[in-house]
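Before any comments, here is the structure.
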Amino acid sequence: MTLYFYNSLSRRKELFIPQDESCIKLYVCGPTVYDRAHLGNARSAVVFDQLFRLLRIYYPAVHYARNITDVDDKINEASLTRGLPIEAITQETTAWYQQDMTRLNALPPTVEPRATAHISEMIDMIQTLIVKGHAYEAEGHVLFRVVSFPEYGKLSGRSQDDVLAGARVEVAPFKEDPSDFVLWKPSESPMPGWESPWGFGRPGWHIECSAMGQKHLGFPLDIHCGGHDLQFPHHENEIAQGECATGKTCARYWLHNGMLTVDGQKMSKSLGNFITMEEAFSMAPGEVIRYVLLSGHYRQDLDWNESHILQARQAMDRFYQVKGLAEAQGVSFDIEPEADIEVNPVLEALEDDLNTPKAFAILHQLANSLYKDFSIPVFLQFYQGAQTLGLLSMSSGEWFQGSLDETGLCMADVEQAILDRAQAKCDKDYGQADRIRLDLLEKGIVLEDHKDGTTTWKKS
RNA sequence: GGCCGGGUGACAGAGUGGUUAUGUGGAGGACUGCAAAUCCUUUUACGCUGGUUCGAUUCCGGUCCCGGCCUCCA
């Protein structure tokens, strides 16, 4: 029971020691709901879902919050472009996101707070910051006074001078200091807004996570997660405002996932190489996508390409074949959570900073062993490992046969074809037998003959 | 310019101061009427360069490339 995580705050791998073993506090930065989720969003969600699943094995309760950002300038833009009310956009996009995450076997968080439901908490926090001298009002804006927080930059490893040196943003004239950031800004119709002590306005980007993290979990959080691109400025600013407002550490462990590239290029709006989950699901089933997303270490960049998808699909086929062996043996899939923890090498790999590639290697070793000599204890290790990775959620029948829709066949067609082929084989009419098999293959059905004379089928 | 992360065999991708990672692909074989699945054998490694060491892909220095963040971004 020794979990190690690479902590962005210290820039090294650390033993994980929770504040309270009876309840772990996990916060993950969720999506801004203005457009369909893309693979980058999915990677973050899947990687930290995997963390959630692991933590649940070791601790009795894990409180996992993942926010929905439903107030943002990009949402306002989408609303204008599409001519739809803001709520219509955010509700639709949130529903898509949740469906997509379900298809990836990402468990729902304990709580999924929406920014617009926490405006008063944000206003309270901003007021506290003003009272304490960490924020000031200027021309309807409220800004965080960065010089008031000497530790600013501790997460991203930059000094305040560095921040200025690299500043590419045009500095608003009302800022006391160029690195100050917005907590609250004025709004005019049709922009969404709320009444506040500083007039009608809306929150800046960073304050929501601090307010919601504090409300739903409470500082200090045990683990705060998000994409590496959020490390600066988003998380740096969260630390600044959160710690100044509450006087408590924001989070004790910060985990950041690496970026996703597509055919070697970073996925980005400007390059136009965003892959939405809708597109991704048209290329591969959810578990295959999940396998791809976990096939590299979470902190490294990961490339999305055809070859990756193919390899993941083959690996999943092999794993499901093993599950099929277990089903044939009548193995019960009820795993007692604590049964094999101390000796499960898959979990050992995951304990070491979520080493999913190593975990997959071990799953393959276990699969090899199971093919040669099936044993229930080894299978249970294999299965528990796969489940902790969020895989093998269906039966092998569902996996290999699933829906026949795209083949244009029905179950009876396939069964009749198998019978016809068996007759042809009986008659030694191998030409006819092969024609039947090739005909099915063209329609996406592969036949497998077994030693006992039976024939089974699966989708290719 | 500042900060950070990488460079491993055909490809993907872990790891280690001295022993096969793992998967895919290629080659050969077993099984099969032919396939599929499975099994066996096999092929090419650790960017370059100094140093430490009995010994370095693994530690230290230098060097050359690549990528990310510094602007909305998972």
Side-chain angles (χ1 to χ4, degrees), chain A residues 6 8 11 28-32 34-35 37-48 66 69 72-74 77 153 156-159 161-170 179 205 225-234 236 256-261 264-270 274 291-293 295-303 305 307-308 310-315 317-318 321-322 324-325 349 352 355-368 370-372 400 424-425 428-431 433-434 437-438 441 445-451 455-458 460:
Chain A
Y6 180 92
S8 299
R11 282 176 211 85
V28 175
C29 279
T32 301
Y34 67 102
D35 200 359
H38 59 256
L39 277 165
N41 295 309
R43 183 179 192 195
S44 180
V46 163
V47 160
F48 297 122
R66 185 180 62 202
T69 299
D72 180 274
D73 289 351
K74 289 192 291 294
E77 256 175 60
S156 52
R158 38 193 108 198
S159 67
D161 292 342
D162 291 339
V163 176
L164 294 187
R168 284 193 246 157
V169 204
E170 198 175 328
S179 53
W205 173 32
C225 308
H228 182 245
D229 50 355
L230 297 181
Q231 190 172 351
F232 186 88
H234 183 55
E236 197 67 73
H256 291 102
N257 65 276
M259 297 295 98
L260 196 81
T261 58
Q265 278 195 305
K266 193 207 169 190
M267 201 172 78
S268 71
K269 269 282 200 252
S270 53
F274 255 58
Y291 189 107
V292 172
L293 295 176
S295 66
H297 186 89
Y298 78 94
R299 285 196 294 116
Q300 299 306 132
D301 286 349
L302 178 75
D303 195 51
N305 57 55
S307 153
H308 247 140
L310 182 66
Q311 287 196 24
R313 188 188 295 274
Q314 286 173 314
D317 280 349
R318 195 167 162 81
Q321 207 106 267
V322 171
L325 290 178
D352 183 15
N355 194 337
T356 50
K358 189 173 181 182
F360 281 133
I362 293 163
L363 280 179
H364 276 108
Q365 286 172 344
L366 294 174
N368 292 342
L370 287 163
Y371 276 120
K372 283 173 210 161
F400 287 116
K425 280 172 69 177
K428 303 266 192 245
D429 184 357
Y430 293 120
D434 285 348
R437 187 159 55 71
L438 288 171
L441 187 61
I445 304 286
V446 177
L447 296 184
E448 295 184 1
D449 292 338
H450 301 281
K451 281 249 157 54
T455 297
T456 55
W457 63 274
K458 64 185 189 187
S460 62

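Order of the sequence lines fixes the chain letters, A, B, ..., with proteins taken first and strands second; residue numbering starts at 1 for each chain.
Each of A:N368 and A:G296 was assigned the nucleotide of RNA chain B with the nearest heavy atom; the assignment lying further toward the 5' end belongs to A:G296. Nearest-nucleotide positions on RNA chain B place A:S295 closer to the 5' end than the other of A:S295 and A:Q311.
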- Task: Any chance you could encode RNA chain B as dot-bracket? Rule is Watson-Crick or G-U wobble with both distances under 3.5 Å; [ ] for pairs crossing earlier ones, | for another strand.
- Result: (((((((..(((.....[...))).(((((.......)))))....(((((..]....))))))))))))....
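Contact between the side-chain N/O atoms of A:R318 and the OP1/OP2 oxygens of B:rU38 is found at a separation under 4.0 Å. Listed pair A:K266 / B:rA74 fails the phosphate criterion, with no side-chain N or O lying under 4.0 Å from OP1 or OP2. For the pair A:R299 and B:rA74, the criterion of a side-chain N or O lying under 4.0 Å from OP1 or OP2 is not met. A sub-4.0 Å separation between OP1 or OP2 of B:rA14 and a side-chain N or O of A:Q300 is absent. Using a 4.0 Å cut-off, no side-chain N or O of A:N305 falls inside it from OP1 or OP2 of B:rA12.
The residue A:L230 sits close only to the backbone: its heavy atoms come under 4.0 Å of sugar-phosphate atoms, none of a base. Among the atoms of the strands shown, only primed sugar atoms or phosphate atoms (P, OP1, OP2) are found under 4.0 Å from some heavy atom of A:Y371. Residue-level contact check: A:G40 touches the bases, meaning some heavy atom is under 4.0 Å from a base atom. A:D73 comes within 4.0 angstrom of no nucleic acid atom, judged by non-hydrogen atoms across all strands.
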- Task: Assess whether side-chain hydrogen bond (donor to acceptor under 3.5 Å, both in side chains) is satisfied between A:Q311 and A:H308, documenting all intermediate values.
- Result: CA-CA 5 Å; A:Q311 287 196 24; A:H308 247 140; over 6 Å; no
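B:rU71 atom P lies 14 Å from atom NE2 of A:H228, rounded to whole Å. Per the geometry, CZ belonging to A:R43 stands 14 Å off P belonging to B:rG68, to the nearest Å. Across the protein-nucleic acid pair, A:Q365 atom CD and B:rU24 atom C1' stand 16 Å apart, rounded to whole Å.
Using P as the reference atom, B:rG67 and B:rU49 are 23 Å apart when rounded to the nearest Å. Here the separation of B:rC48 from B:rG13, taken at their C1' atoms, is 23 Å to the nearest Å.
Considering only the side chain of A:K425, B:rG33 comes nearest among B:rG33, B:rC4, B:rC69. Looking at the side chain of A:P357, the nearest of the listed nucleotides B:rG13, B:rG33, B:rG23 is B:rG13. Closest contact between the side chain of A:D301 and the listed nucleotides B:rA74, B:rG68, B:rA37 involves B:rG68. Set against B:rC40, B:rA14, B:rG68, the side chain of A:K358 has B:rA14 as its closest nucleotide. With distances taken from any side-chain atom of A:N355 to the nucleotides B:rG15, B:rC70, B:rC72, the minimum falls on B:rG15.
One finds no salt bridge joining A:K458 and A:D317 here, because no Lys/Arg side-chain nitrogen approaches an Asp/Glu carboxylate oxygen to under 4.0 Å.
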At a cut-off of 3.5 Å, list every protein nitrogen or oxygen paired with a nitrogen or oxygen from nucleotides 41-43 of chain B, distance to 0.1 Å.
none

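In terms of polar N and O atoms assigned as donor or acceptor, the side chain of A:D434 comes within less than 3.5 Å of the base of B:rG33 in a complementary pairing.
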